[in-house]
Every structure is written in C-alpha cells, then in structure tokens.
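All chains are named by letter (A, B, ...) in the order of the sequence lines, taking the proteins before the strands, and each is independently numbered beginning at 1.
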There are 2 protein chains.
Amino acid sequence: MGIEERRKREKEGRRSAILKAARKLFFEKGFKSVTVAQIAKKAELSKGAVYLYFSSKEEIYSRILLFDIEKFHERVSRIVLKGESASKMLENFAQVYIDFFLADRELFRILMAYMVHTDHNNLSEEMNNCLIRSTNKTIDTIEDIIRQGVASGEFPPHTAVRQSRNALWGLLNGGISLHLFTGKEESREQMIRSTIMTGLDHYIHGLKENRKPHILNPATGLAG
Amino acid sequence: MGIEERRKREKEGRRSAILKAARKLFFEKGFKSVTVAQIAKKAELSKGAVYLYFSSKEEIYSRILLFDIEKFHERVSRIVLKGESASKMLENFAQVYIDFFLADRELFRILMAYMVHTDHNNLSEEMNNCLIRSTNKTIDTIEDIIRQGVASGEFPPHTAVRQSRNALWGLLNGGISLHLFTGKEESREQMIRSTIMTGLDHYIHGLKENRKPHILNPATGLAG
DNA sequence: GTCAAAGAATGACCCTCGGTCAGGACATAT
DNA sequence: ATATGTCCTGACCGAGGGTCATTCTTTGAC
C-alpha cells in the first residue's frame, strides 16, 4: 500500500513545486508577463505536465491568492478577537490588516486587481465563488465586531451596522491602496498606519457619539 | 489651405470613430475580450488602419480612461468649490464623486483596475505618467479643501492634512468599490451614498473635535 | 485630361502564448 | 516477458496583437 501513498506524495510535491515556481514569477513580473512555459521550466516540468495539475494559468494564480487569503484570515481570527472591547478589536483588526498587507504590497495589489477585474474567462464558477466568499470574510469580521459592540452597549443601539462596516472596510482598503500609488520608502508605512488608525479613531468616536447615519433624500440625493 | 484642414478633420474623425467603437466594446466586454479586429470592424476600418492612429490596444484603452478622468475633474472643479465651508465643500466633493461613479460603475471598476494593474507593458512612459498625474488630481483636490479649512479656522491648526486627505480618499474609494462587489439593485445606491456620507460626517466631526492624529510607536507599530 | 508624388488604407503575414493530445517512458502486476 | 497503468513530453493548434509590402485615393503641376 506504500506505493500508492508515495505516488500521492509525489503528486502533491509536484503540485507544490508548480505553485511555488508560479508564485515567485507572478509576484515578480505580474500575471500577464509570466508564461506557462516559464512556470513549467522553473518547476522542472514540461508545459503539458502543468496542465495535469491545473486546468489553466488563471487557476494557478487563483490558488495562490486563495492560499494567501486563507493565511490572512487565520491570522486575523487568532489575534483580533482578544480585544477587551469592540473598539479595541477594531483597532487590532486594522493593525493586523495593515501589517499583513504592508508586509506584502504586491499581494494586496494583486488581490485588489483580482477583485476588480472582470475578465475571469478561464475560471470555473466554483473557484470564482470560492474566492469571493473568502474575500467577504474580511467584511463579515468587521460586521461581527460592530455587532458585538452594539450588543455590549459600547455602540448605541441604533448603530447602522452595515453602513459602518462598509465605511470601515473602505477606510482600510483605501488607506492601503493609497500606499500602492505612493513611493516605497519605509517612511510611507508609518504614514499609512497613522492615516488608517486616525481614520478609525475618528470613525469610532463618531459612532460612539451617537451620530445618526445620514438619511438621504432620494429626490435630490442630498442629505436632508 | 482648406485641403489640409479637411484632412486633419477627417483624421480626427477616424480617431474619434475608433475611440467611440472601442469604448462601447471595452465597456461591454472588458479589455481582454475585445480584439483589435473587432474595434476596427466597428469603426469601419481595417486593423492596420487602427494602428495608424494608435500604437497599441492598450493605448486606445488608456486614451478612453484619460478622457473620462478629465471629464470628471471638469465636473468636480465646476461644482465643488461653491461650498461656503470646507465641510460643505468636502460634502459636495463626495456627492459629485458618488454621482459620477454610481452613474457608471463600469468606469470606476475600470479605473480602479487600471490603477492597480502592474502589466502596462505596451504603454509609453509618457502616457502612463499622464494617467497617474490625472488620477492624483482627485487626491490633490481633497488636500486643497482641507487646507482651506485649516486656513479659515474651521479645522484646527495642527490638522494632519496629508493623513486626513488619505483617509477621506480611502473612504470614498472604499465605499464605491464596495458597490462593485454587491448587487446592482437601485437600493444599494442609497446604501453606498449613506455609507460614504456618514463616514465623511464622522470623520469631519473627529477633525473638528481636534482629535490629534495617532502617533505610532515605531517599535511596536501600535498607537501609544 | 494625364501623371507622378504623397497620403491613407488594406489584409496577408509573423510571432507569441495558452491550451491539447498522440505517443513515449517508466513502474507495477501477472 | 508481457500487459497494464500512471505520468510526462513536446510538437502542434488556434487566437489574437502587431507589422508592412502593396494597393487605392487624392492632389496639384503640366
């Protein structure tokens, strides 16, 4: 019976080799610039073999992203929920978020690009849904924390959970994406951290102060 | 002398025809799915002719985006600066931003994708810079408004202009990008508007309340 | 009207690259 | 030794971006 197991191990090994090679190349040169032949060569396989393990170039890419997102969620769930208050948890969450993506700008850029992209022609419905669901976990976590805050009385009972969640998510992502468009210098990192944490602080302060969400006049689209 | 001018006009006409055809196709099917042959056909030209007017498929795309960004800035500068206070101007700005991009989700998605993308292989340095500069105008506008607020005493003198600018930009973009990942229903639009306007309100409130920006401890990365 | 020069447009062609598949190499089983 | 898998290979295909020799059109001098 050892033979079959060895085979399985070897197969898994090849799979990993492909992913490892692909990851390096993708993060170095971007999706489009990397050819499957290059991936194959780096993994010491033929092009055909790559297609024994993955059904398309895009699938390889997606698997890598999925892996990283999961890694992120794992880290979040380990750290975030130790806060003694909802505010503290949000702060922790932001901290983890920032740490994670500042450590790997490229990953954030890629995830963002992926989410925003429309051309997922070669990706199975299932794989696509998987990625979407995984991405949404981030948003759901924020929502959970806010809900806890409302439940514990830290945030007012009429808090607009969805809206707050959305705004905070925007704050986080916006802050980090800004990092992409400015220089790479170390000093920027402090700026980004500070931007997001200040924004968060302002927002939470607003929440606690019981400021009602804007209700917009549907006719004019203006607050009123 | 009329001949040369007529030629110029005709050339300009062809150019426009290509852009118009390309715009329709790109927004319908996405960058990758559209072929240059399709653009040529729709513009009633041969493929070769398209390359007389543009140097690459990517350049066509970029021209279209550039045009739209400029249109956006025009609208912003016309409306935003009529606010009687910095807060009001920020609100106006957000309103224009939301209107513009909710009216054309696809445009926002495309711009975002473009900014985040790394594979601009076929684009001239100059064209790329042009797009970056144009995109940055949005951020600069926010900064201007905040500066005015500080100058007029509406915001406290030690306001961290860059940070606030970044956070607000993040809030705006994050809010709208969220819209991309949720459904298309009308009702969502109100949600997005409300999310952003509330976030803005909270943030401005925080600003006015004189809350100092977080200074982060470089060692721990935590506020302190 | 004729014709040469300039300008504009064409589409056959080239090349790269994602993806396929007939066939080979090697291990295992009998 | 032979049969049966399993795994891998690389020549091949088709799609699509980009090129360029050729052809068509316009123009203005004679």
Expressed in angstrom and rounded to an integer, what is the separation of B/Tyr51 atom OH from D/dA21 atom C1'? 18 Å
Roughly, in whole Å, what's the span from NZ in A/Lys41 to P in D/dT9? 14 Å
Would you compute the distance between atom CD of A/Glu59 and atom CG of A/Leu66 and round it to the nearest 0.5 angstrom? 10.0 Å
Name the residue closer to the 5' end of DNA chain C, choosing between B/Leu45 and A/Val36 according to the nucleotide with the nearest heavy atom. B/Leu45
Is the shortest side-chain N/O distance from B/Arg6 to OP1 or OP2 of D/dT27 below 4.0 Å? yes
Both A/Gly48 and B/Glu44 contact DNA chain C. Taking the nearest nucleotide for each, which residue is further toward the 5' end? B/Glu44
Looking across every strand, which nucleic acid part, if any, lies under 4.0 Å from A/Val34 by heavy atom: base, sugar-phosphate, or nothing? sugar-phosphate
Rounded to the nearest 0.5 Å, what's the gap from OH on B/Tyr53 to CD on B/Glu12? Could you check? 9.5 Å
Please report the distance, rounded to the nearest Å, between CZ in A/Arg14 and C1' in D/dT9. 13 Å
Mind calculating the distance between CD1 (A/Ile18) and P (C/dG19) to the nearest angstrom? 14 Å
When the distance from NZ of B/Lys11 to P of D/dT25 is rounded to whole Å, what number comes out? 19 Å
On the nucleotide C/dA9, are OP1 or OP2 found under 4.0 Å from the side-chain N or O atoms that B/Tyr53 carries? yes
Determine the contact category for B/Lys47: base if any of its heavy atoms lies under 4.0 Å from a base atom, sugar-phosphate if only primed atoms, P, OP1 or OP2 are that close, otherwise nothing. base
Atom CG of B/Leu52 and atom C1' of D/dC20 are separated, to the nearest Å, by 11 Å
Rounded interatomic separation in angstrom, taking CD from B/Glu5 and P from D/dT27: 14 Å
Which nucleotide in the set C/dG18, D/dC8, C/dA9 lies at the smallest distance from any side-chain heavy atom of A/Ser46? D/dC8
Are there over 12 heavy-atom neighbours, none belonging to A/Glu44, within less than 6.0 Å of that residue's CD? no
Carboxylate-amine/guanidinium contact A/Arg193 A/Asp99, below 4.0 Å: yes
Identify which nucleotide among D/dC8, D/dT26, D/dG17 has an atom closest to any side-chain atom of B/Thr35, counting heavy atoms from C-beta outward. D/dG17
Going from CZ on A/Phe27 to CD1 on A/Ile110, what distance comes out if it is rounded to the nearest 0.5 angstrom? 4.0 Å
Closest to side chain of B/Ser56, choosing from C/dT10, D/dG18, D/dT27: D/dG18
A/Val50 or B/Ala49, whichever maps to the more 5' nucleotide of DNA chain D: A/Val50
Using atom CG of B/Leu25 as one end and atom P of D/dG17 as the other, report the distance to the nearest whole Å. 12 Å
